[in-house]
Amino acid sequence: MNAPPRSLTNSLSSRTLLALTEAMEHTFDASAWARLGVELEMPQLADPDLRLQQSLRFGDDDYGYCVAQFVRHLDAERPADLRDLADRPEIKVWLDSNAPGAAQELGLGQALVTPLVESGPASKATEQALVDALQWLDAGEPVGCIHRIHDALRGYLLDVCARANLTVAGDATVTELYWLLTSDHPIFAAQTRQSPQVGHALASLAGAVTALNTVRHDAPIVDANQAAPGEAEAVLMAELVRTLFNYVRRRL
């Protein structure tokens, strides 16, 4: 008799179990756990007095451990249900972007979006712009510093949006690109949907990005009622770009 398919009988590799744990940890909120409890007939997943929901609610360090215990239980007792979990859109997107080897083991193929490969030129240009910013400041040219980091960030966001097959106008401003990325890209949209506070933080950053765009275009035309950007303002903008750039890279 032929052996049954591996997907129905054998445990997943430790690497894939870890990837599934991290995917659920990053994409599931209290409501998602509650719905899953109904689907799997495991009402304890929705119980606010049990540890999983408590650790999620309070942001405790053992939340990942609770998720790992759940994944291990499914792997041992209900492997088909575990594999069904991996077929959820938000899990697919996370695995495809963060653990392609696990996605392959699970037989998911390509997920909802084309995997983003870090753009060498655009990413390196932004990194170099942040280095060059110090040189502009040393030369007493804060306006040049702002121009450099603004244009590099815009190029980077334009490249990331294009690689995600988002419709982008060639003359889109850095603010428009930021909103497009954070609202329409599946990875960012899933993150803000599952973590509303992250969405609030990103919305706050949008105001700072708009300010960067405005300062960049106003800097060459300073009238008597408008002070030219100084060193402190240039440093502020450089740190803003560094924070945003690093967040986007890590999230992708």
Side-chain angles (χ1 to χ4, degrees), residues 19 22-23 26-27 88-104 108-133 136 144-195 198-220 237-252:
E22 292 180 344
H26 284 89
T27 62
R88 291 172 178 247
E90 65 270 31
I91 301 294
K92 275 187 175 183
V93 169
W94 195 96
L95 291 174
D96 195 49
S97 298
N98 297 278
Q104 183 176 9
L108 298 179
Q110 192 174 32
L112 298 181
V113 296
T114 303
L116 290 181
V117 178
E118 181 68 33
S119 167
S123 177
K124 290 184 183 302
T126 308
E127 290 181 298
Q128 188 60 50
L130 292 169
V131 174
D132 292 347
W136 282 99
C145 167
I146 291 173
H147 281 203
R148 182 85 172 88
I149 59 176
H150 167 277
D151 294 350
L153 178 63
R154 181 182 177 278
Y156 177 67
L157 294 180
L158 185 65
D159 184 79
V160 170
C161 288
R163 285 172 174 267
N165 297 320
L166 301 177
T167 302
V168 182
D171 60 351
T173 66
V174 68
T175 305
E176 292 169 337
L177 292 169
Y178 177 81
W179 276 117
L180 180 65
L181 180 68
T182 55
S183 62
D184 289 8
H185 192 292
I187 291 178
F188 290 92
Q191 180 65 21
T192 55
R193 184 172 61 252
Q194 301 295 340
S195 304
V198 172
H200 295 331
L202 291 174
S204 296
L205 271 177
V209 171
T210 300
L212 171 65
N213 188 66
T214 302
V215 170
R216 188 261 184 263
H217 290 93
D218 285 350
M237 294 302 173
E239 291 303 319
L240 161 67
V241 171
R242 188 188 308 280
T243 298
L244 181 56
F245 174 56
N246 287 335
Y247 172 73
V248 171
R249 287 202 304 178
R250 289 191 178 100
R251 175 50 54 199
L252 295 178

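Model, not experiment: these values are computed from the prediction.
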Determine the minimum heavy-atom distance between [X] and [Y], stating which atoms define it.
X: A162; Y: V168; value: N-CG2, 4.5 Å
X: A206; Y: W179; value: CB-CZ2, 3.3 Å
X: R251; Y: I187; value: CD-CG2, 3.4 Å
X: A169; Y: L158; value: O-CD1, 4.3 Å
X: V198; Y: Y247; value: CG1-OH, 4.0 Å
X: A164; Y: H185; value: CB-CD2, 3.3 Å

How long is the straight-line distance from [atom2] of [Y] back to [atom1] of [X], given to the nearest 0.5 Å?
X: L244; Y: I149; atom1: CG; atom2: CD1; result: 11.0 Å
X: T243; Y: L205; atom1: OG1; atom2: CG; result: 7.5 Å
X: R154; Y: E176; atom1: CZ; atom2: CD; result: 9.0 Å

So do the side chains of [X] and [Y] get within less than 4.5 Å of each other, counting heavy atoms only?
X: L166; Y: V160; answer: no
X: Y156; Y: L177; answer: no
X: T210; Y: Y178; answer: no

Checking the side chain of D159 only, and the main-chain atoms of G155 only, is there a donor and an acceptor separated by less than 3.5 Å? no

Flag, side chain of H150 to backbone of I146, donor-acceptor distance under 3.5 Å: no

Non-neighbouring partners of D151 that pass salt bridge (Lys or Arg N to Asp or Glu O under 4.0 Å), sequence neighbours left out: R216

